[in-house]
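Worksheet for the structure shown next.
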Amino acid sequence: MDVGQIIANGLVLGALYACLAVGFSLVWGVLNVINMLHGSFVILGGYLTFFAAQVIGIHPLAALVPVALILFVLGYALQATFINKVVAAPVLVTLTLTFGLDMILYNVMTVYFSATPRQLTLGLGSVEFWGIFLPVERLIGMGLALALTAILFVTMRTSSIGRAIVAVRMDRFAAALMGIKVNRIYAITFGIGALMAGAAGSVFAMVFPVTTNLSGVFLGKAFVVCVIGGLGSVPGALVGGLALGLVEAFAGVLLGPQNALTAGFVLMLLLLLVRPTGILGVKGYE
Amino acid sequence: MSNPVRIGLFAIWIVVLGSVPFWGDNAMARTAIMLAMSSVLAYSWNIIGGFAGYPSFSTAAFFGLGSYVGALCQGAGVPMPLAWLAATIFVAAFAGLIGGIVLRLRGHYFAIASIAIVEVCRLVVAAWGSLTGGGNGLNVPLLMWSPDNTILFFLMVMLALLVIIFAITVFIDRHRFGFALKCIRQNEDAADMVGVDATRFKILAYVLSAFLCGTAGAVYASWIGYIDPTDSFQIVMTVEIPVMAMLGGAGTVLGPAIGAAAFVVLEEIFWANFLDWNRAILGAIIVVVIFALPGGLIRIFSGRTRLPFLRSRSTEAVQ
């Protein structure tokens with residue numbers, strides 16, 4: 001296959017990965033919690049978009065905002081009721097707790113939505129430039145993913161909530177002394193993490209089939225992107241996502257599609273050992 | 001609880017489990033085998049996760065690799081006990097090699113790396129179709145004995161593994177090696193500074209927490225007769241096993257046995273009655289363990305805790 005086409009595919013996929021992982025990265029960086037629910041949040045966002053389009057008849061693009069808000073409320077509630085109580089506990093406790101919550105959410109989704117893959121078809125055809133073919137849905141998905149990531153970046157930079165989140169991330173004791181309600185910021189951060197996951201799910205639903213079986217795959221992508229790019233920073237997730245997209249696109253062509261996923265994980269393990277702070281490091285604030 | 005009392009209680013438990021085929025039906029004997037196997041895995045995890053406090057989620061990788069090595073050896077005509085031995089040695093070597101690399105990481109990074117090991121193993125086994133049969137799985141030659149004898153045999157083998165890992169646990173608990181692991185759990189840097197060779201002890205603990213998982217995997221493969229990548233490298237198992245140990249009491253001598261028993265009993269009850277909801281129920285068990293039983297069930301028996309819900313829960317220093 002043509003190298004330009006591979007790069008284009010990789011970048012489209014990578015933008016989606018960045019959008020998918022940025023919420024996970026934020027939660028990990030600020031709360032120091034590995035959120036095993038993230039993959040299921042993405043799936044939930046995808047399903048809600050799908051049913052909004054099929055049952056109520058809302059266009060998927062219009063469904064994105066309400067779906068993301070629903071996920072925010074869910075994330076905020078989960079953090080305020082459960083995770084805040086153990087947020088300072090060792091990783092074994094927080095990871096296991098979020099895994100337990102994930103099992104519940106996953107089960108609820110398989111019972112009510114069933115595991116049948118469902119796909120929205122927007123039917124927009126594909127475009128060609130410089131000999132590279134790309135379906136329009138994917139281009140829209142890529143644009144949305146990048147736009148969402150950019151909105152989050154600007155919010156973290158300019159809003160007072162964003163500054164408070166950054167402050168808590170840098171030093172939660174000092175932040176508390178400055179009058180920031182740390183537990184509330186934790187809940188908001190977790191809500192934003194869920195919101196981004198839901199929005200990413202919405203975007204994914206327009207490009208790929210949605211099924212609950214993918215929740216583990218999405219979670220794995222979030223791991224890899226975070227480790228490649230570095231924790232808790234929006235630019236880190238972007239770099240990590242694009243890098244993973246490119247690696248998978250090239251590995252899929254050179255090593256065969258069944259090894260593309262493995263290549264991502266192996267890259268992650270190598271990076272963990274060589275440079276555990278990720279490509280961009282943890283020194284950047286947002 | 002003194003050591004002879006613990007060993008006595010454990011011996012009674014082994015006798016109870018071992019006697020199941022003589023008074024229960026085959027389904028109960030099956031449950032007893034699964035319980036013994038889960039206990040072996042929980043005790044194994046307890047060495048690295050309980051004593052040393054490293055959040056390891058790689059149990060499923062050791063179990064799965066053990067089952068594949070055992071199955072491949074048996075498929076090549078190696079006698080069953082030798083195949084089990086080969087699986088044990090292979091997994092121990094694998095853990096030593098991997099441990100030397102990933103144990104340099106701590107906390108969240110170690111946890112993520114240990115989960116990734118399970119995923120990489122599963123993906124490699126699934127992709128390497130020419131050797132492992134890929135997604136189609138592998139058939140293992142079955143024992144041509146009567147069903148009753150087969151079940152009794154595998155129960156005895158699993159119980160033997162359980163006795164071995166229990167003996168190792170009792171030894172570690174009393175020995176300076178266990179003391180070193182507890183030091184590492186509390187503060188690795190401080191332990192390193194006062195002369196605990198943290199790297200060596202961690203790797204040793206990791207290998208000890210792995211090798212019998214490999215044996216258990218190989219024995220499981222011989223018993224069930226068929227393995228495939230999704231069954232052997234379950235991400236659910238990799239969290240279930242630590243939950244069992246935490247349910248009983250991580251880092252204690254009797255905790256993993258109590259936790260595994262309680263977990264399997266709960267699972268059997270709910271599995272039969274709420275087939276659609278068993279995953280959610282496991283999740284609910286996890287949530288309850290974390291909020292209501294932070295020291296594990298063993299704390300209740302030893303009377304060292306107040307009622308969990310009455311205790312103020314200020315885990316966060318700042319508000």
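Lettering of chains follows the sequences in order, A, B, ..., and the numbering in each one begins at 1. Fair warning: this is a prediction, and the values are worked out from it, not measured in the lab.
In this structure, chain A has heavy atoms under 4.5 Å from both the backbone and the side chain of B:A113. When heavy atoms are compared at a cutoff of 4.5 Å, A:V93 approaches chain B by way of both its backbone and its side chain. For a residue to count as touching a neighbouring chain, one of its non-hydrogen atoms must lie under 4.5 Å from one of that chain's; by this rule A:F82 touches chain B with backbone and side chain alike.
For B:Y68, the side chain to side chain donor-acceptor pair (under 3.5 Å) criterion is met by no residue, not counting sequence neighbours. The side chain to side chain donor-acceptor pair (under 3.5 Å) search around B:Q234 returns B:D231, not counting sequence neighbours. For B:F110, the ring-ring contact (aromatic ring centres under 6.0 Å, His included) test picks out B:Y54, with sequence neighbours left out.
Residue with the most contacts toward chain B among A:V224, A:V111, A:V33: A:V111 (heavy-atom pairs, distance under 4.5 Å). Note: B:E119 leads B:E119, B:R104, B:R122 in heavy-atom pairs under 4.5 Å with chain A. Heavy-atom pairs under 4.5 Å with chain B were tallied for A:V108, A:T94, A:T96, A:L105; the largest tally goes to A:T96. Annotation: maximal heavy-atom pairing with chain B below 4.5 Å, among A:L177, A:D102, A:L95, A:N32, occurs at A:N32. Most heavy-atom pairs under 4.5 Å with chain A: of the set B:V243, B:V102, B:V124, B:I115, this distinction falls to B:I115.
The 12-atom threshold is exceeded at CZ of B:R185, counting heavy atoms of other residues, nucleotides or ligands nearer than 6.0 Å.
Note: B:I112 CD1 to A:W28 CH2 = 4.0 Å, rounded to the nearest 0.5 Å. Note that CZ of A:F223 and OH of B:Y109 are 13.0 Å apart. Values are rounded to the nearest 0.5 Å.
No donor-acceptor pair closer than 3.5 Å links the side chain of B:H108 to the backbone N or O of A:I34.
Near-neighbour residues of residues 44-53 of chain B relative to chain A, defined by a heavy atom under 4.5 Å from a heavy atom of that chain, comprise B:W45.
Taking all atoms of both residues into account, the shortest heavy-atom contact from A:M103 to B:R279 is CB-O, 3.5 Å. Nearest heavy-atom pair, A:I104 versus B:A284, reported as atom, atom and distance to 0.1 Å: CD1-N, 3.7 Å. Minimum heavy-atom separation, B:A116 to A:L269: CB-CD2, 4.0 Å.
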